Amino acid sequence: MVENPYLPKLAKIEAIKEETVDTRTFKIKILDEKVRNSFNFTPGQFVELTVFGYGEAPFSITSSPYEHENFSITVRRMGNVTRGLFRLKEGDIIGVRGPFGRGWPIEKIKGNDILIVGGGIGLAPLKPLIEYIILQRRLFNNVILFYGAKTPKDIIYKELFDIWKQYINVELTVDFAEKDWGGHSGPVTVLFKNFKLESNNIYSVQCGPPIMMHFVTRQLLSMRMEPEKIYFSLERNMKCGMGFCGKCMTGGRYVCREGPVFNYSEVKNFLETPV
Amino acid sequence: MSHELIEVKGVPKVEGAVDVVVKLVNDNFKVEVRAREGIRLLERLLIGKSYKEIPFIVSRMCGVCPIVHNITSVQALEKALSIEPYEDAKSIREAMVIGGHLQSHLIHLYLFTLPDLVGKKNILEILEGKEELVKTVLRLKRVANHITDTLGGRAVHPITPTVGGLTRYPSKNILETLLMESTLFKKTLREVLEPILEAEIPKFENRTQYLSLHDSRYPILEGKLSVSNEIFFEQEEYENIISYLNEEYSTARHYLINGKPYMVGALSRLNNNYSQLCDDAKEYSRKYRISFPSNEPFVNIKAQAIEMIHLADKIVDILEELTSKPLKQENIKYNIRPGEGVSISEAPRGTLIHHYKVDESGKIIEANIITPTAQNYKSIEECLQNYLTTLIGEKLNTISKEVEKLVRAYDPCVSCSARFLREH
Amino acid sequence: MPIFLDRIMKYYQLIGPVKTEKGVSFEYVSECDKVDLDYLGHTVLPPKKFFFPPIEEMFAYEYDETGNLRIYDFLEEVSKGMRVIVGVKPCDISSLLVLDKVFTGEYNDPYYTTRRNNTLVVGLTCNKPKEYCFCTYVGSGPSIKKGFDLLLSDLGDMYLVEVGSEKGWKLTKFNLDIFNEAENEDIKERERILLEVEEEIRKKGLPNFATIDKVLVERFLDRIWDDYSRKCLACGKCNFTCPTCRCFTISDEPNPDLKSGKRFRIWDSCHFLSFTKVASGEVFRKDRPSRFKQRIYHKFVYSINEIGSISCVGCGRCIEVCPAKINILDVLKEVIVGGKSVSAKVS
Amino acid sequence: MNKIRIGIFSLSSCEGCIVQILNLEDILLNLLKKFEIESRILGTQNRTESYDIAFVEGSVMSIDEEMELKKIRRMSKFLVALGECACHGGNFLVRDFNVGEILERFPGSETWYSNPIDRYVRIEYYIPGCPIDKEEFFTVFKSLLLEKFPEQISNTVCSECILKENNCLIDKGIACLGSITRGGCKAICPTFNRECYGCRGLSDDANVEGLLQTFKEKNIEPPTHLTLITRREGRKT
């Protein structure tokens, strides 16, 4: 019988970490050793995660590509699958398919300056890229991370920023600041005030709510960044992950198979405006 | 001087919400049976609507006996338009109605009444030790529903009956399957009737009048009206015999004959039509020494059981007849014309009257619907008053239980009846 | 023909066009004389439903007593038994060829491909087009060159049979007693009938669809779409009756014991608001025009990039079943002719 | 583990939806054994203080019913509206006061009402239909046990009708509302050659204007209750 790519591979929840009130990071270990060993991904790819009885939903892999035994996803409680996932505890069984899709263009951006822009939980698919960059720091030039969240409480991976700051520039902002918040406030675009394009050898990668990506892209274009160097990760209703079910199709492209990472010169010819 | 003695809020295990209040007025019991369902103004709602929509809307009066409401209205409208559908369509409708009766009786006898008879609280308590019985009953219920499902499209709020015939006719295959199922039903039914027929019921007599259809065959959808086998009259004359009255405390209308309460339902049907029963049904009533006419309201329960035997026989006959020859799958063609039609049928809970006046464009200009339970309210009240006098000295708790039991024996259907309208 | 079908039924499950009280539809056949090979045009649902059913159980899961989770793959059921589907018209065969390309490639859809491999296709050339047929304009009828194991042509008193594959050849080889060598005249007769059909469809005078994708790309923001989507009832019938539409959704259903359940896939329609809805509640095609366009653009534009050709096979089903009688040919004509508004018709 | 507690309640209605639940003969017994199901019609009230899931059938027609409903809400973790009356007030089938003639004949009737239950309390899920589809009820029931909310069905009756390979009733000149009505009933009425009358409410993106236009082109008279369906959903026709 043929291999059935729709069957989830069983996996175990190894650890659960509370990121914010409604966001958790799940560390997952695939049970079958063979499957586990062949599970390789590039930053930006996603898995289809099954909570049995609740269904399946796509989640970006958020752990470092150098982590082999486990991988992690960061989940905000939203729909049925996430509600089901939040009911589970360490040791419970879930299902995994994937990894699927096209991740960040690592080979292309090597040797260049990189601007990373994340919004809210959109930092999740960027995290493995950041960790890759840090581990291969000398392969990259200047690297800046702009990250925006709704309030200081909604910032995910809080404990990592200090580590990251040792290797790359990090700027944070929140939409709604509280008294003891010393940093920037406002949408992530406020961080562009002091930002100048110093060379043509710069790529930008971004992930966040559609509205954020819309404005950041406008901003970058107005700064004359080349369209093919502006990358983002699209969120769509990805079900099968293989370009069959048609639900994620945007402008004729399957986000699950041909994306979720696209550059602006690709999508600007889409008939539908994706961001 | 009046004070409230007992109040049963929301009698359990009946269809719809009804409260019973027992008052002591000048040392006499006064019972009020209060329908609590919201006023649902059905007749008024029908006015101005096309005759085609009527069967659809009226089945929504009641989720337990929607089929008979639906088909009775179809028949009344056919009379108003002066048409009569082909025999096969009529037979299929009758089969549907019988399916509805069977499932309604099964619910009433086993889910609602059996716990009373064996001194249990509800069906769950019966499950212990009697699980097989309940399983068989549920299986029978499924067959009864399957008959209405396949012929009517749906057991609750049927789809196919329409003025002139049916919107869709069953295939021969389907009818043959149903014949097989109902033959099995007929056989299995006898296995489960014993606990009902053998059960002890309170010995209590209450002389009253009994209204039902009366015909050369056991009546379901056709016949003259008969009051206690003494007075007979045509369906169209019902308004001369039955009068109504509104009670402030209830959302349902109350009815009287000769200014006195009367009873409708299985007991009335058997009192008025015992000789038309099939032999098997008669044999069972002899075997368990249940004789008709009877003046015992609790016998209504046993009457339903006896009636089921007859109906199960009848449905097999109908399906045999339908499968024995090619089925006429055709509706009567007709023109819309002004007219008036009354159709009276026997719903599971008793005599059901639908009466419509239609104008030249097929719109309803007058409608009157009298449901079985509405007719029974006065009888229930009278009966309870008499019953209570036999219970004097018992604990209040026991009395409440007995009150509930008697109300349940009538098999009331409150949502049907709640249509009383305060006239301004 | 009944003899042939009868013999097929000895070894295969037979699927064919069957007369029902509502018309003709493809069904499993238990008595071969129920097969109606004279059906006009096409069935309401295409034979696609036997390769990609409207609701399909994918797998079941269950926790056993020790708490281990087991998965039972329904694909095992799917791969059992061989089937023969007879009487498939060329337009429907073409649609299977489209689906073949869609469901294979970088990944394979095993549910679809298993059924395809288990099923022999006996085609039937078209002798008479129906009102909305336009197969000749998209090159999918009235006959076809590939995609069948056998291809029948009704010549009145007999069927001309063309063998299209090794499997098809075997089907005839074991039944040589009921086959005769075809004569040239028979082949000519078939050509004559096909030409007649082509001629009849040609009379409809449709524009050339060769460059339809380019025209559509230019007219993506035309008000044609607003006008039509005021008419479109967004009911999704066109999707479900289309032989090449194949979008689906996946959902889980637990059993009441909460320890087991099933996963299904169910046909979905790009006309429904929920189609692009994500967990956060965001809908990516909120307005009706954008959803109205998706089906047409997928078929005539995106498909070229995806499988190398448009994916409309000209069966006309979507026109026939549309409650608002939106005719995709009118839409395309208007797109080609250029912006003639339909608002006059609408208001 | 304690048994999951289910309450089934009825306000003003025909109780057909509860009968539909009783019609789940094959599984009813299992459900009764597995869960603590409380309902007046079954005589199984235990006066529990809380319910994991409460199903409420019927519309609110009096202050009493409003109070009862609010009490049920306070006692329940999940509240599900069961059937047309609870979901939409049963307006077009049961009671449409204030409509022309009735108001004329019965002054004062404007003070009567029949309201959907979400006018008074928060609802977790709707199971529409008159009556409800028993399989849909069971599906929702199973999901809620997992605290999962099945997707509110967003397809149309038409899309289910075509899966039955039915012929279109509109083509026959019948005023079928299938194209604007929320699916989930498996197109049962059109399958029995009867027009869809919209008992499941409008679909997510119902194009009422478009359907009226289609009716007009085909000389079909729209059913009188269409205005009620659209009115209660706050749309203009």
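Everything numeric here is computed off the predicted structure, so don't read it as measured data.
For NZ of B:K130, the number of neighbouring non-hydrogen atoms (other residues, nucleotides, ligands) closer than 6.0 Å is 12 at most. With a 6.0 Å radius and a threshold of 12 heavy atoms from other residues, nucleotides or ligands, B:E330 has its CD atom above the threshold. In B:K363, the NZ atom is crowded: over 12 heavy atoms of neighbouring residues, nucleotides or ligands sit closer than 6.0 Å. Crowding of D:K172 atom NZ: a count of heavy atoms from other residues, nucleotides or ligands under 6.0 Å exceeding 12.
Across every non-hydrogen atom of B:Q103 and D:V19, the tightest pair is NE2-CG1, 4.4 Å. Across all non-hydrogen atoms, the minimal contact from B:L138 to D:E25 is O-CG, 3.4 Å.
Rounding to the nearest 0.5 angstrom, the gap separating the NZ atom in D:K134 from the CG atom in B:N145 is 6.0 Å. Here the CZ atom belonging to D:R40 is positioned 11.5 Å from the NZ atom belonging to B:K9, to the nearest 0.5 angstrom. For the atom pair B:H157 NE2 and D:C199 SG, the distance stands at 9.0 Å (nearest 0.5 Å). Summarising the geometry, atom OG1 belonging to B:T150 is positioned 7.5 Å from atom CZ belonging to D:F192; distances are rounded to the nearest 0.5 Å.
Taking chain B as the reference chain and counting heavy-atom pairs below 4.5 Å, the highest number among D:C189, D:P131, D:G58 is found for D:P131.
For the pair D:I37 and B:L124, the minimum side-chain heavy-atom distance is 4.5 Å or more. Counting only heavy atoms from C-beta outward, the side chains of D:L29 and B:E131 approach each other to under 4.5 Å. D:E221 is not listed as a side-chain neighbour of B:S50, based on a closest heavy-atom distance of 4.5 Å or more.
Using modelled atom types, one side-chain atom of B:K141 and one backbone atom of D:L22 make a donor-acceptor pair closer than 3.5 Å. At least one donor-acceptor pair closer than 3.5 Å links the side chain of B:R60 to the backbone N or O of D:C130. Judged by distance alone, the side chain of B:R168 and the main-chain N or O of D:T191 form a donor-acceptor pair under 3.5 Å.
Looking at B:L166, there are no atoms closer than 4.5 Å to chain D (heavy atoms on both sides), in backbone or side chain. Both the backbone and the side chain of B:I159 come within less than 4.5 Å of a heavy atom in chain D. Proximity to chain D (any heavy atom under 4.5 Å) is restricted, for B:P161, to the backbone atoms N, CA, C and O. For a residue to count as touching a neighbouring chain, one of its non-hydrogen atoms must lie under 4.5 Å from one of that chain's; by this rule B:E125 does not touch chain D. Looking at B:S104, neither its backbone nor its side chain comes within 4.5 Å of chain D, counting heavy atoms on both sides.
Of the listed residues (D:D133, D:N23, D:I188), just one forms a side chain to side chain contact (heavy atoms under 4.5 Å, CB included) with B:R154, and that residue is D:I188.
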